[in-house]
Structure formats: structure tokens, C-alpha cells
Asks: 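Provided herewith is a single structure, encoded as C-alpha cells, for subsequent inquiry.
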Amino acid sequence: MTVMEQRDSRTTPVPPPAWQPRTDPAPLLPDAEPYRVLGTDAAAQADPALLRRLYAEVVHGRRYNAQATALTRQGRLAVYPSTTGQEAAEVAAALVLQERDWLFPSYRDTLAAVARGLDPVQALTLLRGDWHTGYDPREHRIAPLSTPLATQLPHAVGLAHAARLKGDDVVALAMVGDGGTSEGDFHEALNFAAVWQAPVVFLVQNNGFAISVPLAKQTAAPTLAHKAVGYGMPGRLVDGNDAVAMHEVLSEAVARAREGHGPTLVEAVTYRMDAHTNADDATRYRTDAEVETWRAHDPILLLERELTERGLIDDAGIQAVRDDAETMAAGLRERMNQDPALDPMDLFGDVYAERTPQLREQADQLRAELDAEAEGDQA
Amino acid sequence: MTVMEQRDSRTTPVPPPAWQPRTDPAPLLPDAEPYRVLGTDAAAQADPALLRRLYAEVVHGRRYNAQATALTRQGRLAVYPSTTGQEAAEVAAALVLQERDWLFPSYRDTLAAVARGLDPVQALTLLRGDWHTGYDPREHRIAPLSTPLATQLPHAVGLAHAARLKGDDVVALAMVGDGGTSEGDFHEALNFAAVWQAPVVFLVQNNGFAISVPLAKQTAAPTLAHKAVGYGMPGRLVDGNDAVAMHEVLSEAVARAREGHGPTLVEAVTYRMDAHTNADDATRYRTDAEVETWRAHDPILLLERELTERGLIDDAGIQAVRDDAETMAAGLRERMNQDPALDPMDLFGDVYAERTPQLREQADQLRAELDAEAEGDQA
Amino acid sequence: MTTVAKPPAAGSAKPATMAQALGRALRDAMAEDPSVHVMGEDVGTLGGVFRITDGLAKEFGEDRCTDTPLAEAGILGTAVGMAMYGLRPVVEMQFDAFAYPAFEQLVSHVARMRNRTRGALPMPLTVRIPYGGGIGGVEHHSDSSEAYYMATPGLTVVTPATVADAYGLLRQSIASDDPVVFLEPKRLYWSKDTWNPERPADVEPIGTAVVRRPGTGATLITYGPSLPVCLEAAEAAQAEGWDLEVIDLRSLVPFDDATVAASVRRTGRAVVVHESGGFGGPGGEIAARVSERCFHYLQAPVLRVAGFDIPYPPPMLERHHLPGVDRVLDAVARLQWDQ
Amino acid sequence: MTTVAKPPAAGSAKPATMAQALGRALRDAMAEDPSVHVMGEDVGTLGGVFRITDGLAKEFGEDRCTDTPLAEAGILGTAVGMAMYGLRPVVEMQFDAFAYPAFEQLVSHVARMRNRTRGALPMPLTVRIPYGGGIGGVEHHSDSSEAYYMATPGLTVVTPATVADAYGLLRQSIASDDPVVFLEPKRLYWSKDTWNPERPADVEPIGTAVVRRPGTGATLITYGPSLPVCLEAAEAAQAEGWDLEVIDLRSLVPFDDATVAASVRRTGRAVVVHESGGFGGPGGEIAARVSERCFHYLQAPVLRVAGFDIPYPPPMLERHHLPGVDRVLDAVARLQWDQ
Ligand SMILES: Cc1ncc(C[n+]2csc(CCOP(=O)(O)OP(=O)(O)O)c2C)c(N)n1
Ligand SMILES: Cc1ncc(C[n+]2csc(CCOP(=O)(O)OP(=O)(O)O)c2C)c(N)n1
Ligand SMILES: [Mg+2]
Ligand SMILES: [Mg+2]
């Protein structure tokens, strides 16, 4: 009911209210608790093939995280923000997309890119330090990893909107952390998406921390998913360690977007098991006990238990998955141990479509310096 | 219930969830329709003194709006964004505050400042063009009118937070338009306020438009008040043309803040009867018919009807209020017709606490130019 | 950078304002290239607060000329995404100071996306910003923010000073595969020139400065809102016996060192004139370049005439801040003519 | 501007890092003045990603050293409100590029509030920004953004290059009644000097440049991260027969024209050195000022050695971008010594 329709014996005539609700808030509100499948009765319905696929990817992801972290210790990566413990959400984000869809990862989400099929060496280029982006975003439909937090969210909205205007059936899935939800860009992106009914899915991985800052210092909201109602889009709260629940909820959100019903905000409740990056010391701001409690809710464990209980995998099967992950890790290790071939002249290559006169001068200067250096080396 | 407490026959052991809801969302949600008093049975309870006070202030405000608009036509004001039709919300915002409290107006809200007791000439200084702010904000506890939209909201939060840290019993009330809610600063301010439990009241005047852009292009939210739940603060939806309802809801929000229960978001549903400013042509984007329908819901009308029906005012009383407003307008007109005495050397006065050497040089240059000009004038 | 071919229709030259030429440039660009999308606050139904986009929503539909929510970072950020998908967004910022909320998107993404992706994601977008003072605007409505954009590699920074350039440079900017910050001098919106909208003349490409008035005694280097001031000053100087050359830079990035240095080498004296604050403003860069390149030709130091180093003043005082003809002439007089 | 009185306790000079001196400055300021509040991302429990604020939350409580939500405009915007109420906020931006979201608050409010209110609302706040490259940071972690701040009237822009200045200038900045952008050269955080934390020596006030190495042949004008580069270059130049003076600007705003001009008039030659991009960077302003003030003393044009005009490169290539000793020496060699 609106002001206008309000009936009361003493009611004055009332004009058409400009504020008239556009949407019914009730269906936009998230569940009171995170949606779960694994460990509940609903798990029995889960497709065995999907369970196996998710399991393989999550194990793969865990191994990838471990390998990348090891590479930082060997000086082969400048920095690595691990998603250990968050593999279910990372993997599900990649698997729910069609090839024509776009993924907008944050700086942490190399695993989602890898799960989407990107060569891990390319995914890690930024973090190795040889270039800002190691792949062609158009080829893979993976936006560059975004270091400035939440800034990639409006990009996802714009791209999805553009695709819709062109009549292309493309959905964009954008990833952000709990901390990133505090940025103005988060707000503006969600608002544009809702007003434009753009085919976007916003996935917030609430891993408990923004570096050292716990969620309680980040927001006073009931849940991050509750933010959705303020934009007029549905909010979904999901157990982020439950790969099946994540896959289901994200699939629904993607389908909803694809069918023209607009954006969805999904909050995945998870936990960052490692420090913020290899350079961080997590013992400064959290206890081992807290970390330990999350081990019992490990995404691999949840899947493995389900697969085992239902007899969908045996020890040999598990070993095969692990072997496969090991092969990937060995390959990655080997390739990351090679120094990338870099040309310093590339510094000037793509600043503009065409070099400015000033950049031509500067490129000449560097060229001369490099030549002199090379001569010096020979002499 | 949280993930941790969830009980299910097949539930796996679950760790303490970092996401645990801080607040119950239900009480944060606004009513389905704007809260009203005038024209409903509840009006009978309204205090006669308050009704009379509100009536006098709203009539005063209407006359102020008309006078200021007239001054733009006479070239005495550079520009005037009128609040004709919004006087109830403007006035209520001023009246609910104690002297020690702070008001944070947007560029449109000179009326709220005037209703708070500020000399209208001082309130209009920015819009006349003689200086950026015409009053001492600390003296009046009115922040400078904010031209960049929504940027004053974090200021209000910081000030209220600082006062609380110092143990001072001070509430800040910050005003913003429907359009301003789309800015990142709106989001960040509300989030900081909720996390810090700062004593702030956010008043959104939804007057249907941001210049030419109607609310439907600004947001897809059920109401703007629904945004509150995403920050963990209560949202209230009020009929912004109902001065009594506005006074009641804002008073409650101020009391809540003062008692340490944190911020509230209030959406006042109202309508901008005039164009955006005198420079705007509203016929480009809305019909007269739409404007007309709102006349029946005029804030003065609503009060006048209540006062008359309850016999709290007679024709003489109404005339007295109008005469009083006329006196104010005449005084304002007269004083605005005098040219302000301006000293160009003030340009350098308050850029820094102490002039830099460069500004000293530049001030000398201007001084010399002005002297030469004066000499030229004499010659 | 591309120049734009003449549209076929004939027509006749008549007085037109810069605002009209800008509007026409948008219209022609949209008609020619369906990937051009105009977006911003009030650009649709209203046609923008300066009416530059008037009629576009009607002609091309609201999907091509879109009233956005009121959020500049969101506007520019979504435009980035649209450009990633191959569109050519033309963003309007309502006033200079209201582009600041979008600063992070501009500096960290728009300017760097091509470089970040080794050319895979160019940013063919134009950000139109009405800038500068002189129109009696209250605070935040008269900023000269070009120094910020000049200092940001990856951006092209363009500013027209004539009606023909308003059309031609805007067409070139929209056609450019690089992001352009297109600065529109507010106080020239209503300046007029004879101009044929049906056969707009080609103008020199972005990156080329133009000598607007030849002279031999000294060079005034300027752009945008200060060009008319300099031309007027040059006329007045003639009476004093100073024959001034006036250069309109047209783009601050790329900067046309060749034209500027050739002129100053010829005249031996130079004054840089702009309305932006002096300290840290564009004039420092320009004076430094000229001094370095023309050192042995200079008869006097390169001087600068600029706004004061203060927040933009309130309307009633702005005339004391803005560099006018007198200040330019004062500077010219200090060029050590007796040497 | 105020200098800071020595704290009473004695102590002894020993090697200390710039990071330690900065942390100590914050601590001492907080101990001395209860209105000083430190705020930012991770500054509390963690002590900041560079550990500059380590221990402050413990010593002074979380209300005085506060972990904020992750939103830079919100951090600076709330700090403005705190300053309006008489507090003295010291804001930490985690990295240079992450100050951009706060740009509007900085430019439109922090820099202008005093002017807007005729002095009624001064902004005694300090914005600490770790800046510059050379530490192998991925993109957005190595920007030199000083040109933006220099071009914004109302801001004081300070950058220390020595351990003693890190302490002294930060104390002065916090004590200043004007807003200070305090730029901390990241790659000097771990640089060491002998220094007595219990009796930090007074340093020259903000606005004063200091000659770090006297010389007669040419002046190197620099600041922050490039000071060690210039000192090393001056040593190396001695071998070539060039006796170089090195000036550490210490603050870009206010700019110490007097010290710089006096030096260049003496030496007759100057090179400005900084790691920020050259075009539109601080060097243009500095070179232009020096050229104007020292025109008749100059034996050669004022040259600039700066970063390239490109987005900051990835870690593996940054050494090719950063101006090092060789580039400084190359510029010195081009100072027309044979004249
Ligand atoms: C705009 C911006 N501000 C600050 C930073 C520095 N920073 C990098 S990661 C991080 C914490 C991010 O937390 P969250 O969003 O929860 O993501 P998570 O790291 O947990 O994946 C911060 C503050 C940044 N990258 N961008
Ligand atoms: C950051 C910013 N962007 C743009 C503007 C230009 N502008 C002035 S008023 C206005 C519309 C404001 O609409 P709303 O917030 O609903 O307030 P109202 O005018 O209705 O009171 C716009 C876009 C501005 N002042 N600040
Ligand atoms: Mg997180
Ligand atoms: Mg409005």
C-alpha cells in the first residue's frame, strides 16, 4: 500500500507518491543462516558427477595455493594472497559460468581464474612481477586481477550492461572481499546494476578479515547479504565452504541474470586459513584456536565425507585426484622457476595506442642506456 | 541461529562463524508505507503548542523560499535551490536538535539553517556569491552548506564520533537528497556511523528528483529507508510533508542517538514543487499535472487543516503568522539589496594559517594592482 | 590520431556557439558509430545542465544517451566496463569538481588499462569535463583541474578554444582509441564563430598546437579559456609596439614541443598564460620545457601568468583571480625588452 | 610553523630506521596531546602494514588508534568531522594509490575548509601516505602522487629523506594547524641513521630546504626517495671533477625559493631529480621557478631527471624506470661545462 492508497476517515487527498516502492522487500532478504547442502539431508540429491568435479577442483585448488605459497619462499613470486580454505567459493565462481561469460576477480582470486581454465603461470604474472596482467582478458573473458579493492565491480556492471545492450547473452560474475564491501565503489556498482537490471552476480567472500581487521570492525550489518535489499536486488547467504551450496546458489543467480531478472548479491561465509599474504603475520591479530576450529569445516573435508559416505569415491579415486593436482603443481613449479624473458622497452609499448613524441624521446634514451650497458658488459 | 549452532542429523562439526549476525534485521526494516500523523487519528494526540510552532515555522519557511527565489530574479542571489514543498522536513530537522547539537546541511538546506536560528543573510551568503560560507560554523553548530553531494555525511559521522570520544552529549543530524544516496560517500558514512555507533541521524529528503532524474532512475530499492538494514541501523520511512510525523520520527532518532544506541536513517517522502534551482527548467522533465497533485498534500495545508479542525487557530491567528513571515521577508529583501562590502585581499587570508612566501608575493601583486586601479579611478 | 572526414551534406556558415558545436559533434559521432554511448547526470531528458547533449536521447534513445544515477565513480567505472566490451562511452561530468569522486577510476583504471593488459583492453572513452571559472559559479563549480590530468600518464588531455576546434577535437577524441579527458571551457560555451555545421572543417589533429596570431616579439603560450584573453592582449600590445605571437596548445597531452619551441626560438621571449593556479599548474611544465629547449635563444626568463594559488574564489571576487589582459600585458612588459 | 620542543629524557644516539623514527613521532605526539588520533586500515592491532603504528593501540587504546572500515573517502571524511570538533587526526593511507578514493575529500574539503569558513574551521590533520617505488610492489603500490597534492592550494606537502627529519617533520606536521600531506618514501623506511629517540634533535621548520652537501659546480635539487641517489651521484661526480651541491627540499609546499635560488645563483647550474613522472610532475614547477629566478646566472638550462611518463612498471622492470645515479650523472654531464 502506498501513501496514495492509504484510507483513513480523516485522510487528506494525497498525490501520487514519487517514492512508490519498486519492489517488494520480503523476497530480497537473505535467509537467517547460511545456506548449506553438504552435511544436510539435501546432499543426497546432489549429482554425483558434480560432486566429483567439485572435489577434483577443490583439491586442485588447495594444491595450487600450497605451491604458490611455496614459490614466494623461493623468491619466485613477489607476493601471494592465498585462498586456502576458500577453494569451494573460488572454484564454484568459475564453474557456474559459460564460456562467453566474464569473470571479474579481485587480487586474491587467481584460483578462480585458474579454475576457469587460465594457465596458472599467466594467472600469477602480476604476483611474480613481470607484468601487470599475464593474459589477454578478452580471450579468456577474465578481467585483470583488481588490486584497488572493489574498483572492478562497476567494470563488471558496465560490461554486462554493454553486452545486454548489444543483445549478447553474457553474464558477469564479480568477486570482492568482506572488506571491499565498505568501499564506495561497491555501493555505486550495486546501485547501477540494480537500476540497469544488468546481468551481474556479485560474490562477496566473507573470509572473516580484511588483512587484520575482523568483520565486526568492518560492518554492523546483520549479514553482508542484507545489503542487497537497499539496492532492490536479492541477497543470498551461503556457506562458502560448501562447494555444492555455492555451486547451486551461484548457478541460480547466474540463471536469474541471464534471464533478464537482474543482479544478485551472494555472501559466501568462509575463512581465510592462511595469513593475508606470505608477507603478513596473522598471529598478531588472531589465535591459532580460531583457525583450528575452521579446519573441521574444511571445504575438501566436506566434499570428501559426502563422496565417501555415498560411496562415490574410494581411496584410489582420492589418490588419483591428488596425483593429478601434484602433476599440476610440479609443472607450475618448473615453469615458475624459469626467469621470464622481459624487454625493458615494453615499458613504453602500451601507454598509448601511439607513442607521444615525449615517450619516443624517453624510449630512445632507455634504448641508448641499454645499448651502453650491453657494450659495457661485452667490454 | 548461526552456522555453528545449526543442528542437523548429518551436520558436520562447524567452527565459530566470523560472520555471526551482529543485529536482528527485523527491527531495522522500515514500515511498508510512510509514517503519518496529520490526517490520521493520531493527530488528535499532537501537542497544540508544537502544532502552532510547526505551523509558524513552515509558513515562515514558505515565505523565505518565495523571497529568496524573487531575489534571484532581481540579480541579488546568484542561484537559489528552493525547498518549497519541503518545508516540513527542513523545519523539523532544525527543531529536533538541542543547541549543542550539530546540523550538516546540503546545498539546498538553507531553510533548515534558518529555522535553526541562523540569520538568513548569512545562510544565503554562498548563494549570493560573496563568500563560500556566511557564518561561523562553530558558533552556530551548522556545518558549511555542502555543494559536493553526500560529502558532508562522513563529516557528520566524524564530528559525532569525536564528541562521543570526548564525552560530550552531542548529536549530529545530516541532510542529503535522494540523488545523494547514490554516492559512495553516503555508503561509507553510514557504514562508519554504524560500526562506531556514532550519534548521527541521516535525513534523506526524497523529493522525487535529482535535478531532472526521477527516483526510478536513481534506485531500484523498495524505499531508500531500506538501505539502513545493510548497515545494521534502523530505517524509518516518513511522510516528509507531515511536519508532526517528521518531528516525531526525527526526535526519536535523535533521542536514540543521544542515548548511545547509534545512528538512524530517515527517509522523508516529499516533493520539490519548484524547479531544481531558478536556473532550471522543470517542464523539460515533468508535467504540471504531477506537480499539481502534490499541492493537495502541501505541508502548510496539512497543518492548517489540523489546527483549524481542532480550533487551535483562527483567521486572525493565521494572519498573524503570515504577517510575521512578511516582516522577515521584507527585512531579508532590504538587507539583500545592499551590496556586501568585500575586500579582494581576503582571497589570501585563510588559505593557510600563515601565508606561504608565494602567497605573500601574490598578495603584494594584487595589492599593487588594486592601488593602481584606485589611482586610475581618481585620475 | 585520426582526423574526421567531412560529412557529405552542404550547408552554410553562420554564427554558432561552442556549445552548439559540441552538441553537434556528439550527434554526428553517435550517428556515424553505433558504439558511441553518452552517459552522465541529467544528460538524457534534460539534455545536460549546459544543454550540450540536448536532443540526443530523443534521437538515439535512452540506451545510447543515458541518465545515470548520481555517482561519478560509478559512471566512469561502468564506462570502463562498457569500453572493455567494445563500446565507446562518452561520459559527462557535470562540473569540474564533481569529477574528483571518479579520480581513482580515472587514474588507476582508465589511464592504465591499455598498459596493464599490453594493449588487449584499450580504453576508447572520452570524459567531458566543463572546467574553469568566469561564469559566477559557487564553489566547486569553477575548478581548473588540468594539472591533475596532465600528471597522469595514459590520458590524452584536450581542450578547445574555438568553435571549430570544439567540434573537430571532440570528434577526434571520441574516435581516439585512447582515453581522452576533454576539458570544455565553461565561459566559452556561448562564444560564437561563423561555422558550418553541415560541413565542419577538418582541424589539426590532437597533439598539434596552432599559432592563432603570428608575431615576432614574444610568444604567448595558452589554451582553452585563456586564448581570447591572450588574443585581446596581443591586440592591445600592438599599440605598445610589441608584436606578439599567440599559440593555442589545444592538447596538453600530447604536448606539441615542436611548434612551441620553434616559435620561442624565433621570438626569444615567452609568457605562459592559464587560469589554473600557478604553483604546480600546467605552466610550470610548459615553462620548464621551453626554457630547456630554447635556452640559448631566450632574451628573458619564461614568465607565467596564472590564477593565484588559492581555492577558486566566490563569484563576487573571481575577477580579481582570473588572469586578464592587464596581467598578461604586465608580464609582457617584464620581458626585458631593453636588452 | 611550530618546531617541537625536546622531550626531557636523555638517552643515546644509536642506529635507527626511518620507520622507527616515524613510529616514535606518532607516539610522542599522542602522549603529548590527547587530541591526536591515529586512524586507518590495519593501524590498530596489526600496527600497520609497515608497522609504523605498532604499539599505539596498546599504549593509547583503540579509540586513539583506530582500525577503520576499508574505505579511504570514509576515513578522510570522518577525519574532517573529527577535526571540525577539535581533534587532530593522523590518517594513514595504506599505499599511495589507495589515497585516490579519498581525493574528493582531500581536494574539495580538507584543502579548502579553512578558506571556506574564513578560518573558523581549520583542518589540523595529517594524511600519511607511503609513496614511491623501489620495493618490488605490484601495481598501485608504488605511485609517486606528489604532483596532485602540490597542485592543490591549501595543502602543505611534506616529505622527509632522513631519519631525523622523519621524526621532526612528522611532529611538526601533526602540530600544524593546516592539513599536511605527509609523504613517506617507502624505500627509505628501512634506511638507518644514528639518532637518539629520547632526545630527537630539532629540525628546520616545514618550508625550509636544507643543503645536504655543499658544492660549487651545480645544484642537485631533490627530495624524499631521491636524496640518497643524489648524494651518491655527487660523490661519484667528484671523481669527474664536478663539485655538486645537493638540496633536500623537505617540503614541496611551502616551497623554499630562497634557499634554492641562492644555491643556483652561486653554482649557475641545476638539475632537478625525482622519481615521479617528469611530464606534469614536480620538476616542471621547480625548474620553471629556478629558471625565472636565476635566469641571468644560469650557464645551462635547468635539467630534469625523473621517472618516465608511464604507469609505474611491474617489479621486474622498475629499475629501468627509477632515476639512478647514472641518469643523474648523465644530466650533470649535459650542463654545458665547456662554456
Ligand atoms: C582501495 C584499496 N584500499 C586498500 C587496499 C590495501 N589492501 C589490500 S588487501 C586489503 C584487505 C582486503 O580485505 P577483503 O576485502 O576482505 O579481501 P580479502 O583480502 O579478505 O580477500 C587491503 C586493505 C587496496 N588494495 N585497495
Ligand atoms: C558530487 C556531486 N555531483 C554532482 C553535483 C551536481 N548536482 C547538484 S544538485 C544535483 C542533484 C541533487 O539531487 P538530490 O540529491 O536528490 O538533492 P535535491 O537537489 O533534490 O535536493 C546535482 C547532480 C554535485 N553538486 N555534487
Ligand atoms: Mg576478507
Ligand atoms: Mg532530490
Side-chain angles (χ1 to χ4, degrees), chain B residues 78-79 107 125-133 144-151 177-186 210-214 217-219 276 279-282 284-286 339-340 342-351 356 358-359 362-363 365-366 368-370 372-373, chain C residues 40-51 54 57 62 66-75 77 94-95 97-102 104-105 135-141 143 277-280 305-321 324 326-327 330-331:
Chain B
V79 63
Y107 76 104
T125 298
L126 170 77
L127 304 168
R128 177 156 66 165
D130 40 326
W131 199 260
H132 309 300
T133 300
L145 297 165
S146 183
T147 303
L149 298 167
T151 55
D178 46 302
T181 65
S182 295
E183 290 282 2
D185 276 9
F186 171 86
I211 308 186
S212 70
V213 179
K217 288 185 185 173
Q218 200 66 249
T219 181
H276 168 65
D280 178 41
D281 173 8
R284 284 182 160 248
Y285 52 83
R286 69 184 187 187
D339 285 325
L342 298 181
D343 181 357
M345 295 309 294
D346 282 359
L347 290 181
F348 303 98
D350 294 297
V351 184
T356 62
Q358 290 74 26
L359 284 177
Q362 292 169 30
Q365 181 197 336
L366 181 60
E369 287 177 7
L370 294 170
E373 220 178 85
Chain C
E41 294 156 9
D42 304 286
V43 297
T45 314
L46 185 68
V49 294
F50 292 106
R51 302 288 186 272
D54 196 18
E62 295 207 10
T66 309
D67 281 332
T68 62
L70 207 169
E72 293 78 8
I75 297 170
Q94 202 159 76
F95 283 89
F98 308 141
Y100 302 151
E104 182 186 31
Q105 285 290 344
I135 61 155
V138 301
E139 58 168 358
H140 308 292
H141 288 75
D143 282 17
F279 193 87
V305 176
F308 295 128
D309 300 326
I310 60 174
Y312 195 87
M316 289 190 183
L317 293 174
E318 67 179 338
R319 70 184 179 88
H320 298 288
H321 172 70
D326 286 349
R327 276 194 202 141
D330 282 352

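Values below: all heavy atoms of this structure, side chains included; hydrogens, waters and symmetry mates excluded. Throughout, protein chains are lettered first and strands after them, A, B, ... in sequence-line order, and every chain is numbered starting at 1.
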Asks: With a 4.5 Å heavy-atom cut-off, do D281(B) and R51(C) have their side chains touching?
Replies: yes
Asks: Identify the heavy atoms of G136(C) and A78(B) that sit nearest to each other, and give their distance.
Replies: O-CB, 4.4 Å
Asks: Side chains of F308(C) and V351(B): does their closest heavy-atom pair fall under 4.5 Å?
Replies: no
Asks: So do the side chains of Q94(C) and I211(B) get within less than 4.5 Å of each other, counting heavy atoms only?
Replies: yes
Asks: Taking all heavy atoms of P69(C) and all of Q218(B), pick out the closest pair and write down the distance.
Replies: CA-OE1, 3.2 Å
Asks: For the residue pair H132(B) and P313(C), what are the closest heavy atoms and their distance?
Replies: CE1-C, 3.8 Å
Asks: Could you walk me through whether D326(C) and E369(B) pass side-chain contact (heavy atoms from CB on, under 4.5 Å), step by step?
Replies: CA-CA 9 Å; D326(C) 286 349; E369(B) 287 177 7; over 6 Å; no
Asks: Is it the backbone or the side chain of L359(B) that comes under 4.5 Å from a heavy atom of chain C, or both, or neither?
Replies: side chain
Asks: How many angstroms lie between atom CG of L46(C) and atom OH of Y285(B), to the nearest 0.5 angstrom?
Replies: 7.0 Å
Asks: Can K217(B) and E41(C) be counted as an ion pair, charged N to O under 4.0 angstrom?
Replies: no
Asks: Is any side-chain heavy atom of H320(C) less than 4.5 Å from a side-chain heavy atom of L347(B)?
Replies: yes
Asks: Is there side-chain contact between L366(B) and H321(C), with heavy atoms separated by less than 4.5 Å?
Replies: no
Asks: Strictly distance-based, threshold 3.5 Å: is any side-chain N or O of Q362(B) a donor or acceptor partner for the main-chain N or O of D309(C)?
Replies: yes
Asks: Salt bridge between D54(C) and R284(B), side-chain N to carboxylate O under 4.0 Å?
Replies: yes
Asks: Rounded to the nearest 0.5 Å, what's the gap from CG on L342(B) to CE on M316(C)? Could you check?
Replies: 6.5 Å
Asks: Quick one: does D42(C)'s side chain have a donor or acceptor within less than 3.5 Å of a partner on S212(B)'s backbone?
Replies: yes
Asks: Look up atom NE2 in H140(C) and atom OG in S146(B), then write down how far apart they are to the nearest 0.5 Å.
Replies: 6.5 Å
Asks: Just so I know, are the side chains of L317(C) and W131(B) near enough to count as touching, which here means a heavy-atom distance under 4.5 Å?
Replies: yes
Asks: Tell me, do F186(B) and L70(C) make a side-chain contact under 4.5 Å, heavy atoms counted?
Replies: no
Asks: Of the backbone (N, CA, C, O) and the side chain (C-beta and beyond), which part of E72(C) lies under 4.5 Å from a heavy atom of chain B, both, or neither?
Replies: both
Asks: Quick one: what part of D350(B) sits under 4.5 Å from any heavy atom of chain C, side chain, backbone, both or neither?
Replies: neither
